[in-house]
2 protein chains.
Amino acid sequence: MSSITVLLVDDHLVVRSGLRALLGTQPDLHVIAEAASGEEAMDRVQEHSPHVVVMDLAMGAGMDGIEAIRRIRERNGGQAILVFTTYDSDADIVRAVDAGAMGYLLKDAAPEEIFSAIRGAVQGKSVMSPPVASRLFQQLRNPEEILTPREAELLSLLTEGLSNRELGRRLFISEATVKTHLAHIYAKLGVETRAAAIATAIRREGMR
Amino acid sequence: MSSITVLLVDDHLVVRSGLRALLGTQPDLHVIAEAASGEEAMDRVQEHSPHVVVMDLAMGAGMDGIEAIRRIRERNGGQAILVFTTYDSDADIVRAVDAGAMGYLLKDAAPEEIFSAIRGAVQGKSVMSPPVASRLFQQLRNPEEILTPREAELLSLLTEGLSNRELGRRLFISEATVKTHLAHIYAKLGVETRAAAIATAIRREGMR
DNA sequence: AGCCGTATCAGCCAAAAGGCTGAGAGACGC
DNA sequence: GCGTCTCTCAGCCTTTTGGCTGATACGGCT
């Protein structure tokens, strides 16, 4: 038991090369294929059945990383999937984990961290970068902050800058209902105004 | 004239390795040093005087890419600096260009594009990825969209979710003045509501 | 000196947003 | 079957925001 096959999925060539170079320094890790998109990732998994899939979430076009994780786990249960991405967005972490990801690493993780995450993943161990872990715990600790599907939908449209009237039209509900949803969203996000809600929503979904 | 020395600056190890591997395929390009931060970049430039500096804008801690570009150009005029980053934010493009960047590439650029950008940079040619170029042109075509310093300051606080009253207190101006500034900002951004202003502001400064 | 851009402030009015209470209809779990 | 969650809607009232018009003051450019 000393050879682990790895599939790299990232839409950036430089990241794939870098990761390949990095993993190449470890005798037990073998990159047997690369993919630049979710679709391609699924094909490569079928062909090579790698032990571990290391995948970026942000894929330029087509299927995104989350969707790719879900589908790969549906068809081929065997692979352990590690998310390897730049930003730690609250929503992405949760979605990746329940799509079936075994771990969640940030791209500035130390090489050793990456190696041990891959080795751990094969044995069914979950690994995540410290900042990711703390965010995830925070999510789990505050379940009352989880938005319902409808609320999330509204919040998403809210970040486009729509008014209550427009939101109502877009979702085929009355303005009164929009206001009700908004009130709930504000309460869950801990803000009082739509401006603050938009700010926190975009920032949570986004960067840093 | 067939040897170009390159300094790589990126806070992600994998990106540096990947870029190094990629440039290694070209006989005339030689990566002579790497740096993981703006501060380190300045030191490496002093030591090695590379022909070209390839730099990511987003640097985790300390000096950001823009600042690093400015300082390197101040002390050592000789180097051509290429920005090599993930996202094309309007503001970053403009700031990078007037900080003295010779080109602006996105990380999903084709290898050939990267090579020719580096070779071109040595000869004083500017290169930028097509999506970047189109954004830059749009900025230049619409100079009336440029915010005054005070307006930018307000917009920045706006994205924190503050109310007019709070904005006034924070900036030591009356609420009336806040409203005047906001009206100007909306006009320049082409929006009608503060919600839309926040949304466009954060997105312009940010991602995608 | 005159003009323009920037920043400051005021008042007025209409529209939008937010707080509150209450309430009905499905869906799901136990 | 009963409670809970979610989504839907309504009315009422206050606060906030946005549109408009006009005004003063300072600095720089010509």
Side-chain angles (χ1 to χ4, degrees), chain A residues 91 94-95 98 139-204, chain B residues 91 94-95 98 139-204:
Chain A
V94 175
R95 288 193 300 154
D98 76 38
Q139 283 280 329
L140 298 179
R141 261 207 315 268
N142 300 5
E144 73 278 8
E145 275 196 19
I146 294 172
L147 301 180
T148 68
R150 193 55 157 173
E151 286 163 359
E153 198 179 354
L154 235 132
L155 181 56
S156 158
L157 287 176
L158 197 62
T159 64
E160 314 269 297
L162 303 186
S163 69
N164 290 348
R165 190 184 309 260
E166 292 169 318
L167 288 171
R169 269 205 267 274
R170 197 75 84 81
L171 298 173
F172 307 106
I173 57 180
S174 81
E175 210 179 317
T177 306
V178 170
K179 291 172 82 171
T180 304
H181 284 308
L182 286 182
H184 294 158
I185 292 173
Y186 297 162
K188 289 182 180 179
L189 294 184
V191 299
E192 291 96 42
T193 67
R194 83 167 37 209
I198 292 172
T200 62
I202 297 185
R203 295 224 161 80
R204 282 202 186 188
Chain B
V94 174
R95 289 192 299 153
D98 78 36
Q139 283 281 328
L140 297 179
R141 260 207 317 267
N142 300 4
E144 73 279 9
E145 277 196 15
I146 295 172
L147 302 179
T148 68
R150 194 54 157 173
E151 286 163 359
E153 199 179 353
L154 237 131
L155 182 56
S156 158
L157 287 176
L158 197 62
T159 63
E160 314 268 298
L162 303 186
S163 70
N164 290 349
R165 191 184 309 260
E166 292 169 318
L167 288 171
R169 268 206 268 272
R170 196 75 83 82
L171 297 173
F172 306 106
I173 57 180
S174 82
E175 211 178 318
T177 306
V178 170
K179 291 173 78 174
T180 305
H181 284 308
L182 286 182
H184 294 157
I185 291 174
Y186 297 163
K188 290 184 180 178
L189 295 183
V191 299
E192 292 97 41
T193 68
R194 82 166 40 207
I198 292 172
T200 62
I202 297 186
R203 295 224 160 78
R204 284 202 185 187

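Every chain is numbered from 1, with letters handed out A, B, ... down the list of sequences.
A:S174 and A:T177 form a side-chain donor-acceptor contact under 3.5 Å, judged by distance and modelled atom types alone.
In this structure the side chain of B:H181 never reaches within 4.5 angstrom of the side chain of B:L171, judged on heavy atoms.
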Which donor-acceptor pairs under 3.5 Å do side chains of residues 158-165 of chain A form with protein atoms, sequence neighbours excluded?
{"from": "A:T159", "atom 1": "OG1", "to": "A:S156", "atom 2": "O", "distance (Å)": "2.6"}
{"from": "A:T159", "atom 1": "OG1", "to": "B:R203", "atom 2": "NH2", "distance (Å)": "3.3"}
{"from": "A:S163", "atom 1": "OG", "to": "A:E166", "atom 2": "N", "distance (Å)": "3.3"}
{"from": "A:S163", "atom 1": "OG", "to": "A:E166", "atom 2": "OE1", "distance (Å)": "3.3"}
{"from": "A:N164", "atom 1": "OD1", "to": "A:R194", "atom 2": "NH2", "distance (Å)": "2.1"}

_Per-nucleotide protein contact string for nucleotides 4-19 of chain C (B base, S sugar-phosphate only, - none; heavy atom under 4.0 Å)_ = --SSBBB-----SSBB
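Rounding to the nearest 0.5 angstrom, the gap separating the CG atom in A:L182 from the CG atom in A:L167 is 6.5 Å. Atom OG1 in B:T200 sits 4.5 Å away from atom CG in B:L189 (nearest 0.5 Å).
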